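Keep in mind that this is a model prediction, so the values were computed, not measured.
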Amino acid sequence: MAGGDVQNPVLGETTCGSLLLQLQKIWNEVGESDEERDKALVQLEQECLNVYKRKVDQAAKSKEHLLQTLEDAKLEFSTLLGSLGEKPSINIPEKTSGTINEQLAAIAPALEQLWKKKEERIKEFSDVQAKIKKLYGEIAGSNELAGNLTVDMSDLSLKKLEEFHNHLQELEKEKSQRLNKVQESVSNLHDICGVLGVGFCSTVSDVHPSLIDASCAQSKSISNDTLARLAKSAIALKEDKKQRLQKLQDLAAQLTELWNLMDTSEEERSLFDHVTRNISASVDEVTVPGALALNLIEQAEEEVKRLDQLKASRMKEIALRRQGELDEILAYAHIQNDSKAAREKILALIDSGNLEPAELLADMDAQVIKAKEEALSRKDILDKVEKWMSACEEESWLEDYNRDNNRYNGSKGAHLNLKRAEKARILVSKIPGLVDTLVAKTRTWEEEHGMTFAYDGVPLLAMLDEYSVMRHDREEEKRRIRDQKKFHEQLNAEQEAMFGAKPSPARPLSSMKKMTGPNGAPNRRLSINQNGARSVKRDNTRPVAPLNYVAISKEDAALVTP
């Protein structure tokens, strides 16, 4: 041992051998016994052995640590692959392939890549989970952001990440749907508030302040509570809208009734078109802003109140006007009517207050409608009565014309009278047929209506019968006059033949006395009716033939007489 450990004088290095030589030199100089020397050398050898042993133990522990590190690395590699759900991109060396440090050096880059990918995956999971938590907070009505998130390290696979993304998409879709519902509800509230004239901003702010944030600095609330409060506000406003519309329609009906009662002009009515235009509208049909505002309803109420006060003072005037309308219809239809008594009755009813003005006018309207219906049913007969009376007037004129001996002279206007006479004869010839038609139609009308057809209070059939009798009597009278005339002419001819002198012409009988009716009474034609009714003539002046006609012989006059 001493021979092996010699000092290298060149290098000046201290070795175990050189130290041992120095120790022996010291022992020699000291005179140490061999026994002590052997004991010291044994002790020195034991100490060296202990040092080596510690070094070996330390090396063994280091190896075990490296092996454990390698196993941990491999386990971590496998764990990362499992959590990331990926297949290994590098091959892990076996134990026998290369030293431990070589194996660690081989797996280190793969581990580093997996750690980096894990960190990225954790960040992706954190982001998507934060978004999900935020959406849950918005839906739940909580403003908490994603704070203490816990990412499950055992499963960081792309499949799991895709599940989170799918869930996030579902939540975003639900958020979009809720946002659309919120916007639709807010828009609906805006429309209703506009119709009602209610403050939109204050109404929506009461539901949630974010709904009125014009700067969009705060996302609109889409929680169940917000949707429920929006729906509740909409229901309340719709109910208010319904009540206001009903009130406005009632006011519009009252206005219309009062206008009709007082015959209000269209110009005055147009001032409240915005009220009456919705008189039959449904709640959903009223969309004009301010259409149901409180001030508008108050204006309508004031107008109804004003018209109510005005109604009492104008009711007599309106009722008498309606009576005048009824009188005109009855007069046009030649229906007998005591207008004075009817007006006195109306005034008495209004003064008594026992009948509502609306009921009175409704009753008068019913009378007007009934009178119009009756007038319409009488129109055909009345038109024929007018034709008949016109023909009778022409008949009367023609009789006067035929009695005038100067009707054929050459004076001014004679040719016009001649033409009128020709037309009158044609018209008079149609009177019998017209009378028969009138009688038939009048009887049919009376059968259908179960009442007598009266003309100005006189039964029309009685008038027609009287006219037929008078016409028959006139025809008989004319025939008798012709027979007398023929007898006088024959007598004159016999006297002329007997005495040879022509007597003065006999004065026509028709010029000596008026035409008489039955029982010797004067012929009234149609100027006299029963019960003192007014004349059926259309005017008071009956046309007469001019006095300057060309004279014709008695025979010619008789021939032209119908």
Side-chain angles (χ1 to χ4, degrees), residues 334 378-409 413-445 453 455 458-486 508-511 514-518 521-529 535-539 541-546 549-562:
H334 293 278
R378 295 162 61 93
K379 186 177 183 305
D380 187 28
I381 296 177
L382 291 176
D383 289 344
K384 287 184 168 40
V385 169
E386 289 295 322
K387 292 180 180 179
W388 168 55
M389 291 183 175
S390 178
C392 290
E393 290 181 3
E394 290 299 301
E395 182 183 30
S396 177
W397 179 87
L398 185 60
E399 290 178 357
D400 293 339
Y401 176 78
N402 289 332
R403 283 196 297 269
D404 195 326
N405 294 328
N406 298 322
R407 60 184 178 277
Y408 291 120
N409 64 9
H415 66 289
L416 297 178
N417 289 318
L418 183 60
K419 288 183 179 180
R420 178 177 175 180
E422 292 175 356
K423 293 181 180 180
R425 291 187 185 97
I426 296 173
L427 186 60
V428 169
S429 66
K430 297 179 180 179
I431 290 179
L434 185 59
V435 170
D436 292 340
T437 302
L438 264 175
V439 170
K441 285 184 174 293
T442 303
R443 287 176 178 171
T444 301
W445 188 94
F453 190 101
Y455 187 93
V458 180
L460 181 58
L461 287 179
M463 292 172 60
L464 294 172
D465 290 342
E466 181 184 6
Y467 173 78
S468 298
V469 172
M470 291 169 60
R471 185 180 179 86
H472 180 268
D473 292 343
R474 287 201 305 271
E475 294 298 329
E476 290 295 328
E477 181 68 16
K478 289 179 182 179
R479 187 178 298 106
R480 188 180 62 79
I481 291 173
R482 284 197 298 270
D483 292 342
Q484 269 189 345
K485 182 179 179 182
K486 202 177 287 184
L509 185 61
S510 59
S511 63
K514 296 182 180 179
M515 184 180 296
T516 57
N523 187 354
R524 293 173 297 174
R525 292 191 182 94
L526 291 176
S527 298
I528 302 176
N529 292 330
S535 173
V536 298
K537 292 183 180 180
R538 289 176 293 186
D539 51 39
T541 59
R542 188 178 65 185
V544 296
Y549 289 110
V550 178
I552 59 174
S553 62
K554 298 176 182 179
E555 290 79 7
D556 293 337
L559 290 176
V560 297
T561 302

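- Remark: Glu476 engages Arg479 in a salt bridge, criterion side-chain N to carboxylate O under 4.0 Å.
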Intermediate values then yes/no, side chain to side chain contact (heavy atoms under 4.5 Å, CB included), Arg420 and Trp397: CA-CA 10 Å; Arg420 178 177 175 180; Trp397 179 87; 3.6 Å; yes

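- Among pairs with a residue in residues 433-442, those fulfilling side chain to side chain donor-acceptor pair (under 3.5 Å) read Asp380-Lys441, at least two apart in sequence or across chains.
- For Lys419 and Glu422, the salt-bridge test fails: no basic side-chain N is under 4.0 Å from an acidic carboxylate O.
- Leu382 pairs by the side-chain contact (heavy atoms from CB on, under 4.5 Å) definition with Ala333, His334, Arg378, Phe453, Tyr455, not counting sequence neighbours.
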Lys379 vs Asp383, test: salt bridge (charged side-chain N to carboxylate O under 4.0 Å, His left out). Steps then yes/no. CA-CA 6 Å; Lys379 186 177 183 305; Asp383 289 344; 3.0 Å; yes

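- Taken to the nearest 0.5 Å, the NZ atom of Lys430 stands 12.5 Å off from the CD atom of Glu394.
- In summary, of the residues considered (Leu434, Leu438, Leu464), a side chain to side chain contact (heavy atoms under 4.5 Å, CB included) with Val385 occurs for Leu438 alone.
- Taking CE of Met463 as the start and CE of Met470 as the end, the distance is 10.5 Å to the nearest 0.5 Å.
- Rounded to the nearest 0.5 angstrom, Lys384 NZ and Ile381 CD1 are separated by 9.0 Å.
- The closest donor-acceptor contact from the side chain of Ser396 to the backbone of Cys392 lies at 3.5 Å or more, if one exists at all.
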Arg480 and Glu477: salt bridge (charged side-chain N to carboxylate O under 4.0 Å, His left out), yes or no, with the steps? CA-CA 5 Å; Arg480 188 180 62 79; Glu477 181 68 16; 2.3 Å; yes

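- For Ile431, the side-chain contact (heavy atoms from CB on, under 4.5 Å) test picks out Trp388, Ala391, Glu395, Val428, Val435, Tyr467, Arg471, with sequence neighbours left out.
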